[in-house]
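First the structure, in the form of structure tokens, and then the observations on it.
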Amino acid sequence: MKRKKIMTYILLGVAVVFILFQSFVYMSTSKTKEQPYSVLEKDGNIEIRLYPSATLATVQSKANSYDEMASPGFRTLAGYIFGGNESETQIAMTSPVQMDINDSLSSMSFVMPEGYDMNNLPKPNNSQIILSKTEEQVMAAIRFSGFADDSDREKYKQELLNYLNSKGIQTKGNFKFLGYNPPYQLVGRRNEVVIEIVR
């Protein structure tokens, strides 16, 4: 009986620590700056958004799946913003992380925070990292929760494509996956599939 009580207390302690940790993670990620956009139209979990010009740090790869691209791409870009640049500048993390997986050349991008542009961003130490500026874009986005795998991304990509086809909306470029949360965040996860549309 005594051993049973001890095990119960241990399990309760573990549960409390887990809940506190996840609460801390959720609060921390909710304070992370997000790439700004304006919602032009909304229909359920699908939105048409206007994204202003943004500055990106991008790494390219021959990876042909999200899982294959995720860890090495993230490590390379995180190294840059955590001081792996000519001035050893620490650059704040923003969300979401953008991933473009296709048959030719895949990529992962971090959006640089407000105040940084092509003129004042420090040069990356890693020559694989490309700094670029996007033009203003109108994007269609579909949002979903939980841990996303390739089948989830394909499912929501198809749902978004079906919606756009039904509305006669033309697209250009590739679908991108936007991930908003670190892998150790178990609750309140946000994922999106987006694609640029023709105005």
Requested in this report: Look only at the side chain of Ser61 and the backbone of Ala63, and say whether a donor-acceptor pair between them is shorter than 3.5 Å.
Outcome: yes
Query raised in the report: Looking at Tyr180, is Arg189 sitting on its ring face, NZ or CZ under 6.0 Å from the six-membered ring centre and within 45 degrees of the normal?
Result: no
Query - Side chain to side chain, Glu34 and Thr94, heavy atoms closer than 4.5 Å - result: no
Query raised in the report: Is the CD atom of Glu88 crowded by more than 12 outside heavy atoms at less than 6.0 Å?
Result: no
Report task. Kindly compute the distance separating CZ (Phe110) from CE (Met93), expressed to the nearest 0.5 Å. Result -> 4.0 Å
Query raised in the report: Between Glu154 and Ser151, is any pair of side-chain heavy atoms under 4.5 Å apart?
Result: no
Report summary line: To the nearest 0.5 Å, atom CG of Asn102 lies from atom CG of Asn174 at 4.5 Å
Query raised in the report: Taking C-beta and beyond as the side chain, do Tyr163 and Asp43 meet within less than 4.5 Å on heavy atoms?
Result: yes
Query - Rounded distance [0.5 Å steps], CE in Met139 versus CD1 in Ile195 - result: 7.5 Å
Report task. Give a yes or no on whether Lys167 atom NZ has more than 12 heavy-atom contacts from other residues, nucleotides or ligands under 6.0 Å away. Result -> no
Requested in this report: Please check if the side chain of Lys42 supplies one atom and the backbone of Gly44 the other of a donor-acceptor pair under 3.5 Å.
Outcome: yes
Query raised in the report: What are the two closest non-hydrogen atoms of Pro122 and Ser87, and how far apart are they?
Result: CB-OG, 3.3 Å
Query raised in the report: Just by distance, do the side chain of Asn181 and the backbone of Arg190 share a donor-acceptor pair under 3.5 Å?
Result: yes
Requested in this report: Taking all non-hydrogen atoms of both residues into account, name the closest pair between Asn126 and Gln128 and its distance.
Outcome: OD1-N, 2.8 Å
Query raised in the report: So which heavy atom on Ala140 is nearest to which on Leu160, and how close?
Result: O-CD2, 3.7 Å
**Report entry** Transitive ILVMFWY side-chain link Phe82 to Leu121, under 4.5 Å
**Finding:** yes
Requested in this report: Evaluate the side-chain proximity of Lys33 to Pro113: yes if any heavy-atom separation is below 4.5 Å, no if none is.
Outcome: no
Query raised in the report: Under a 4.5 Å cut-off applied to non-hydrogen side-chain atoms, are Phe175 and Leu161 in contact?
Result: yes
Requested in this report: State whether the side chain of Tyr37 and the backbone N or O of Ile48 hold a donor-acceptor pair below 3.5 Å, judged by distance alone.
Outcome: no
Query raised in the report: Backbone N or O of Ser53 within a donor-acceptor pair of the Thr134 side chain at under 3.5 Å?
Result: no
**Report entry** Atom CD of Glu135 with >12 non-hydrogen neighbours under 6.0 angstrom
**Finding:** no
Report task. State plainly whether one hydrophobic cluster holds both Val59 and Met112, where clusters connect Ile, Leu, Val, Met, Phe, Trp and Tyr through side-chain heavy atoms under 4.5 angstrom apart. Result -> yes
Query raised in the report: Under 3.5 Å, is there a donor-acceptor pair between the Glu192 and Tyr156 side chains?
Result: no
Query raised in the report: Should Asn45 and Phe144 be marked as a side-chain contact (heavy atoms from CB on, under 4.5 Å) after you check the CA-CA gap, both sets of side-chain angles, and the distance that decides it?
Result: CA-CA 8 Å; Asn45 61 342; Phe144 59 102; 5.6 Å; no
Query raised in the report: In the single-linkage hydrophobic clustering (I, L, V, M, F, W, Y; side-chain heavy atoms under 4.5 Å), do Ile197 and Leu178 co-cluster?
Result: no
Query raised in the report: Are any side-chain N or O atoms of Asp100 and backbone N or O atoms of Met108, one a donor and one an acceptor, separated by less than 3.5 Å?
Result: no
Requested in this report: Kindly indicate whether the side chain of Asn191, heavy atoms from C-beta on, has any atom under 4.5 Å from the side chain of Arg143.
Outcome: no
Query raised in the report: Using 30° and 60° as the class limits, which term best fits the ring planes of Tyr66 and Phe177: parallel, tilted or perpendicular?
Result: perpendicular
Query raised in the report: Can you tell me how far the CD atom of Glu41 sits from the CD1 atom of Ile46, to the nearest 0.5 Å?
Result: 11.5 Å
Report summary line: Heavy-atom closest pair (Gln35 atom, Pro96 atom, distance to 0.1 Å) is CB-CD, 4.2 Å
Query - Beyond-backbone contact of Lys123 with Asn85, side-chain heavy atoms, under 4.5 angstrom - result: no
**Report entry** Check: Leu50 and Arg199 side chains under 4.5 Å, non-hydrogen atoms
**Finding:** yes
Report summary line: In this structure, CD1 of Ile129 is separated from OH of Tyr80 (nearest 0.5 Å) by 7.5 Å
Report task. Compute whether any side-chain donor of one residue and acceptor of the other, for Ser65 and Asp67, lie under 3.5 angstrom apart. Result -> no
Report task. Walk me through it: do Gln90 and Ile81 pass the test side-chain contact (heavy atoms from CB on, under 4.5 Å)? Result -> CA-CA 6 Å; Gln90 299 277 329; Ile81 67 170; over 6 Å; no
Requested in this report: Consider only side-chain heavy atoms of I, L, V, M, F, W and Y, link residues closer than 4.5 Å, and tell whether Leu77 and Val111 are in one cluster.
Outcome: no
Query raised in the report: Rounded to the nearest 0.5 Å, how far does CG of Asp152 lie from CZ of Phe147?
Result: 11.5 Å
Query raised in the report: In terms of heavy-atom contacts, does CD of Glu136 have more than 12 from other residues, nucleotides or ligands at under 6.0 Å?
Result: yes
Query raised in the report: Do Tyr116 and Leu56 sit in the same hydrophobic cluster, where Ile, Leu, Val, Met, Phe, Trp and Tyr count as joined when their side-chain heavy atoms come under 4.5 Å apart?
Result: no
Requested in this report: Would you confirm whether Asp117, through its side chain, and Asn120, through its main-chain N or O, come within 3.5 Å as a donor-acceptor pair?
Outcome: yes
Report summary line: When every non-hydrogen atom of Ser106 is compared with those of Met69, the smallest separation belongs to CB-SD, 4.4 Å
Query - Any donor-acceptor N/O pair, Thr171 side chain to Glu196 backbone, under 3.5 Å - result: no
